[in-house]
2 protein chains.
Amino acid sequence: MTEDEKLDFAFAALAHPARRAMLARLAQGEATVKELAEPFDVSMPAISKHLRVLEGAGLIERSRNAQFRPCRLNTDPLKSIANWTDQYRHIWEVRFEAMEKLLSEMKDLKDG
Amino acid sequence: MTEDEKLDFAFAALAHPARRAMLARLAQGEATVKELAEPFDVSMPAISKHLRVLEGAGLIERSRNAQFRPCRLNTDPLKSIANWTDQYRHIWEVRFEAMEKLLSEMKDLKDG
DNA sequence: CCATTAATAAACCTGTTAGTTAATTAATCA
DNA sequence: TGATTAATTAACTAACAGGTTTATTAATGG
């Protein structure tokens, strides 16, 4: 899978609020499917599908412990996304500095 | 629109490689629809739809100049995504430091 | 005024997403 | 062993995504 395809899957996985919430829960540590399902008013199969999407994007890994399937977070795709957005950072920073400069000039004008 | 919904749209918009490529082009400066379409082997209506998705996510803004519709980048949603991923940064940094520590210990062991 | 260019709209098709219910697998435990 | 719990699979549905072709809007320029 190319780096671009990895981003396709990562961004698509993160485009659903329930999946982002699941990742936030996993940032606190491992959790079972049932624990992850608890905050949501949907069926267990729907939860299973969300987890499959997250797993497909490499955002979680799953193991097995008796009848439980504990999930844990894998931050690699998040790092990829952070790196991707960094390529645009200079743009918003330049604009921010330009705005600061403008504000400063307006202040000078006002104060004489 | 809530902050969470904004992220829904932003992530969904970024989940398509053609749309990410369009943003990369717009990072160089304004471009018309035709200019943005040039690298892709799809029909103009398909391009129009991609631009509508980007606009819906707030990633581009469009104006009008004669029969042209120049597009320009808006980085606000990218900032939101960068802020969102930052909430996970400590996790991968902690793991990186733990790995460095482990490697250092292994080296000490080897060197005696 | 008419041909050309830029772009969008409308209608349609196909595959995918997000959900459902019902059935199944697999492990625990009384 | 049989009931319970955890989770997935299967089959289905409704809505949406991404693409197409054809038609339309709107501006330019000979």
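Every chain is numbered from 1, with letters handed out A, B, ... down the list of sequences.
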Checklist entry - Please give, in whole Å, the distance from D:dA17 C1' to A:H16 NE2? => result 15 Å

Next on the checklist: How many whole angstroms separate atom CZ of A:R62 from atom C1' of D:dT8?
Outcome noted: 9 Å

Next on the checklist: I want to verify a distance call: between C:dT8, D:dA6, D:dT9, whose nearest atom is closest to the A:F68 side chain?
Outcome noted: D:dA6

Next on the checklist: Ring-plane angle category for B:F11 and A:F11, please: parallel below 30°, perpendicular beyond 60°, tilted otherwise.
Outcome noted: tilted

Next on the checklist: Taking the minimum atom-to-atom distance to the side chain of B:H50, which one of D:dG19, C:dA7, D:dA10 wins?
Outcome noted: D:dG19

Checklist entry - Atom CZ of B:R52 and atom C1' of D:dA17: how far apart are they, to the nearest Å? => result 14 Å

Item to check | For atom CG of B:N65 and atom C1' of C:dA7, their distance in whole Å | outcome: 14 Å

Item to check | 5'-most by nearest nucleotide on DNA chain C - A:R69 or A:M44 | outcome: A:M44

Checklist entry - What is the distance from CD1 of B:I47 to P of D:dA17, rounded to the nearest Å? => result 17 Å

Checklist outcome for this item: Considering only heavy side-chain atoms of B:Q67, the closest of C:dT5, D:dG18, D:dA7 is C:dT5

Next on the checklist: Nearest whole Å is fine: how far is D:dT8 P from A:E55 CD?
Outcome noted: 9 Å

Checklist entry - Would you say A:R64 reaches C:dT25's phosphate, i.e. side-chain N/O to OP1/OP2 under 4.0 Å? => result no

Checklist entry - Do A:H50 and A:F40 come within less than 4.5 Å of each other through their side chains, counting heavy atoms only? => result no

Checklist entry - Given D:dT8, is OP1 or OP2 found less than 4.0 Å from the side-chain N or O atoms of A:S48? => result yes

Item to check | Nearest-neighbour nucleotide for the B:A46 side chain, C:dT8, C:dA27, D:dT20 considered | outcome: D:dT20

Next on the checklist: Output the rounded distance in Å from CD (B:E30) to P (C:dA6).
Outcome noted: 17 Å

Next on the checklist: Please pick, from C:dA26, D:dT28, D:dT8, the nucleotide with the shortest atom-to-atom distance to any side-chain atom of B:A66.
Outcome noted: D:dT28

Checklist entry - Whole Å only: how far is the CD atom of A:E35 from the P atom of D:dT5? => result 16 Å

Next on the checklist: Is the phosphate of C:dT20 approached by A:S43 (side-chain N or O, under 4.0 Å from OP1 or OP2)?
Outcome noted: yes

Checklist entry - What nucleotide among C:dA7, D:dG18, C:dT20 has an atom nearest to a side-chain atom of B:K49? => result D:dG18

Checklist entry - Just wondering, are more than 12 heavy atoms of other shown residues or ligands nearer than 6.0 Å to CE in A:M106? => result no

Item to check | salt bridge (charged side-chain N to carboxylate O under 4.0 Å, His left out) between A:R52 and A:E55, worked out | outcome: CA-CA 5 Å; A:R52 177 182 291 269; A:E55 190 178 31; over 6 Å; no

Item to check | Ion pair A:D76/A:K6, N-O distance below 4.0 Å | outcome: no

